[in-house]
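Here the structure is a predicted model, which is why all the values come from computation and not from measurement.
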Amino acid sequence: RSDDDDDDSETYSNLPEHLAPLRRFFCTSAHAKDHQGCFRIFNRNEKQASTSLSPSLPSNVLFSMDRPFSFLRDSLSYQSKATRDKKGGMMYNSREAIVWCSCASENESDLEFSSRVLDDMPFAQLHLGSSLGKRKNNNFGGLPVSNDEGHDDGNNCLVVELDLETVGMLDSMGVLVSEKENGDCKNSNSTVGESSDLKVLCKLKSDDLDVIQSLLSCSFLDGVSKDKQQQAFGQSVLEQQQTLIKMIDVAVDSVRKDPLNKCNDPHLVLMAHSISASVVASAISAWKQQQIQQQQQSMRRVEDLLNQALTVVTFGNVCRSFCDGPAYIHISMYDDPWTTALGSSSAAPTPHLNNDESGGSDAVYFHAWSPYFEYDQDILPQSTTVCSLKSHNAHNLNACSIQYLCLIMRINGIQSFRALYDEARFVDPSAILDINPKHFAVDCKHGELIIPPKIDYELLPAMIRATSGDQWIWKSSGDHDGGESCLPDDIEARSHLEESFGYSVYEEIYATCCRGDLCDVL
């Protein structure tokens with residue numbers, strides 16, 4: 001609880017009345033780390049909820065309830081006024097409790113925008129914390145970090161000591177830049193400096209610690225031992241995992257006790273973007289290992305329970321360690337450098353670094369080319385550094401990936417993520433084709449789903465424009481375009497969408513995604 005009673009009173013005045021009995025348990029701290037593992041409380045004032053750190057509900061309070069997922073769906077999920085008025089939508093129903101796992105809470109309007117793109121789909125938000133900022137120990141990747149003498153206030157850089165094998169891996173990914181090539185740290189992600197005793201001193205921007213941590217935690221990084229990875233990441237990851245593990249426990253217990261779901265409990269769906277997916281994957285693996293080793297259950301039984309109880313949806317994941325069991329849906333762009341190099345995708349240009357198994361057994365993959373591909377090729381050629389997680393808009397959730405998911409669900413009339421997975425995995429045993437599927441006018445690689453062949457060339461850019469996804473485009477310093485020129489204008493976008501979905505669809509989408517309260521925040 002915050003010590004400032006006046007601030008608490010102002011905060012509580014904007015909270016939903018049905019949560020009044022639980023206010024004594026709320027966390028109202030101004031520090032994001034204190035909300036780690038808690039569920040965000042959405043204010044009735046949507047504009048204020050987007051611009052300030054909202055209170056949160058500790059997970060132990062939620063799990064003390066009889067039906068935690070029903071409470072999560074009905075009381076803790078983001079619901080705009082339109083959501084409450086509609087009581088359902090074209091792309092969602094009440095059969096799922098959807099939890100957005102977020103590693104950063106600085107910009108909470110991200111989730112609200114994603115909800116509106118998916119026809120006001122209700123989302124609950126779980127704070128996983130962030131690896132940015134101060135750390136409990138001055139150690140990173142099993143190696144020391146200088147926070148005092150090595151800190152460069154002018155450039156907001158840290159001096160990190162890494163072993164040669166780690167440096168070699170980072171350099172091969174284009175993350176490190178030699179001082180001879182670029183001595184100014186302001187224009188580079190990190191800089192290789194002096195070396196001594198098989199160690200190298202490197203400068204990196206503090207904002208990019210998440211990038212380096214993702215690289216160091218990848219399974220192909222043999223240069224860093226398991227002990228070092230556990231020492232560097234184990235404790236922080238363990239703290240973030242507890243709520244996720246408890247949610248999986250509740251979901252699986254519900255399947256065990258009520259396999260036919262006569263109680264009508266909502267199905268659990270976990271959603272994660274970028275590096276957040278690695279935290280979710282780690283929690284699932286930890287739960288699975290606990291069930292096999294401590295509960296003495298067979299692996300097949302554990303994986304079957306996970307598949308029935310849990311659906312996981314990732315966007316541009318930066319993780320290649322998804323264990324078998326849950327129903328995985330992986331959405332990413334072909335030109336996303338982070339997912340291509342470090343994530344799980346079905347199309348792997350480097351098979352020795354990436355394969356289908358890394359995304360979990362029976363995983364469903366949806367890929368497309370982002371409209372920013374040519375722009376990124378011209379502005380950020382492959383020979384330059386990858387820079388940061390925000391260097392390519394193909395990795396951008398609200399300016400690319402969420403619109404692609406919206407198109408797939410809208411075209412096929414899908415109202416739940418589990419239904420999306422089931423339709424994509426469906427194989428008709430009686431179907432006998434007398435023509436090669438490559439000649440079809442639709443994509444037949446995803447079971448019963450219909451995916452137009454030009455979805456990424458026409459419909460995706462049009463949907464980004466209609467949802468005002470262009471307002472979320474990442475722009476580097478000195479770059480006033482950021483790839484917005486690759487998107488069609490309003491007239492062309494309207495033409496593409498109305499051809500596929502009928503008249504007035506452009507206005508309907510725009511009105512849903514660009515209501516005044518959120519546009520003011522943007």
Side-chain angles (χ1 to χ4, degrees), residues 39 59 62-63 65-79 83 87-101 111 114-115 118-126 243-272 276-277 280-281 283-284 287-288 291 301-315 322-331 359-364 366 405-406 408-409 412-426 447-449:
F39 293 92
S59 58
L62 174 68
F63 296 127
M65 301 178 180
D66 293 334
R67 302 182 64 186
F69 290 156
S70 295
F71 184 83
L72 189 67
R73 176 197 61 193
D74 300 333
S75 302
L76 292 184
S77 295
Y78 167 73
Q79 297 184 18
T83 305
K87 297 182 180 179
M90 181 182 299
M91 286 180 285
Y92 75 92
N93 51 38
S94 60
R95 291 180 295 177
E96 295 178 334
I98 306 170
V99 181
W100 195 280
C101 304
L111 181 141
S114 298
S115 170
L118 296 177
D119 196 25
D120 290 303
M121 181 180 292
F123 289 147
Q125 182 177 3
L126 172 64
T243 301
L244 289 167
I245 291 176
K246 185 59 179 177
M247 279 198 293
I248 299 173
D249 263 333
V250 173
V252 171
D253 285 344
S254 177
V255 171
R256 283 198 186 107
K257 298 175 181 178
D258 186 15
L260 298 180
N261 196 21
K262 294 181 180 180
C263 295
N264 199 28
D265 284 329
H267 176 76
L268 178 60
V269 177
L270 300 179
M271 302 182 71
S276 302
V280 174
I284 297 173
W287 183 90
K288 182 179 177 181
Q291 294 296 309
R301 172 59 174 165
V302 171
E303 291 177 355
D304 182 61
L305 288 171
L306 279 172
N307 187 268
Q308 296 179 60
L310 180 62
T311 300
V312 179
V313 183
T314 71
F315 300 88
F322 294 96
C323 68
D324 296 342
Y328 292 107
I329 301 175
H330 300 301
I331 303 166
S361 62
D362 297 330
V364 172
F366 294 108
L405 173 63
C406 173
I408 296 173
M409 298 183 72
N412 293 276
I414 301 295
Q415 289 189 303
S416 69
F417 293 111
R418 190 60 190 214
L420 177 65
Y421 177 83
D422 292 339
E423 289 293 308
R425 292 292 306 170
F426 179 78
E448 291 287 282
L449 297 179

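Contact detail for S59 and T243: the closest heavy-atom pair is OG-OG1, 3.3 Å. Residue S416 comes nearest to R95 through the heavy atom pair OG-NH2, 3.8 Å, listed as atom of the first residue, atom of the second, then distance. S361 approaches D324 most closely through the heavy-atom pair N-OD1, 2.9 Å. Between P266 and A97 the shortest heavy-atom distance is CB-N, 3.6 Å. Residues C323 and P326 approach most closely at O-CD, 3.9 Å, considering heavy atoms. In terms of heavy atoms, L420 sits closest to I414 at N-CG2, 3.6 Å.
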task: Give the intermediate values and the outcome of side chain to side chain contact (heavy atoms under 4.5 Å, CB included) for residues V99 and M247.
output: CA-CA 10 Å; V99 181; M247 279 198 293; 4.1 Å; yes
task: Carefully, step by step, assess V364 and Y421 under the rule side chain to side chain contact (heavy atoms under 4.5 Å, CB included).
output: CA-CA 7 Å; V364 172; Y421 177 83; 3.6 Å; yes
task: Take M409 and D119 through the test side chain to side chain contact (heavy atoms under 4.5 Å, CB included) and record every step on the way to the result.
output: CA-CA 11 Å; M409 298 183 72; D119 196 25; over 6 Å; no
task: Start with the C-alpha gap between L405 and F366, add the side-chain angles, then the distance that decides, and say whether side chain to side chain contact (heavy atoms under 4.5 Å, CB included) holds.
output: CA-CA 8 Å; L405 173 63; F366 294 108; 5.9 Å; no
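Annotation: the span from R67 atom CZ to D74 atom CG amounts to 8.5 Å, rounded to 0.5 Å. Once rounded to the nearest 0.5 Å, the distance linking CZ of R425 with CG of D362 reads 4.0 Å. With values rounded to the nearest 0.5 angstrom, C263 atom SG is found 11.0 Å from D66 atom CG. For the atom pair OG of S254 and CZ of F69, the computed distance is 8.0 Å after rounding to the nearest 0.5 Å.
With hydrogens and angles ignored, the 3.5 Å screen pairs no side-chain donor or acceptor of D422 with any backbone N or O of F426. Without hydrogens or angle criteria, Q125 side chain to L111 main chain gives no donor-acceptor distance under 3.5 Å. With hydrogens and angles ignored, the 3.5 Å screen pairs no side-chain donor or acceptor of H330 with any backbone N or O of A363. For the pair Q291 (side chain) and E303 (backbone), a donor-acceptor distance under 3.5 Å is absent. Checking side-chain atoms of S77 against main-chain N and O of L72 turns up a donor-acceptor pair under 3.5 Å.
The shortest side-chain heavy-atom distance between L118 and Y92 does not fall under the 4.5 Å cut-off. A heavy-atom distance below 4.5 Å is not found between the side chains of N412 and E423.
Taking the six-membered ring where tryptophan is involved, the planes of F39 and F63 are perpendicular, since the angle between them exceeds 60° and thus also 30°. In this pair, F322 and Y328 present their aromatic rings perpendicular. The plane angle is above 60°, beyond the 30 to 60° band.
Note on K246 versus D249: no salt bridge recorded, every NZ/NE/NH1/NH2 to OD/OE distance being 4.0 Å or above.
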Can you give me every donor-acceptor pair (side chain of residues 304-313, partner residue at least two apart or in another chain, under 3.5 Å) with its distance?
| unit_1 | atom_1 | unit_2 | atom_2 | d |
| --- | --- | --- | --- | --- |
| D304 | OD2 | Q308 | NE2 | 2.8 |
| N307 | OD1 | R418 | NH2 | 3.2 |
| N307 | ND2 | G325 | O | 3.2 |
| T311 | OG1 | H267 | NE2 | 2.7 |
| T311 | OG1 | R418 | NH1 | 3.3 |

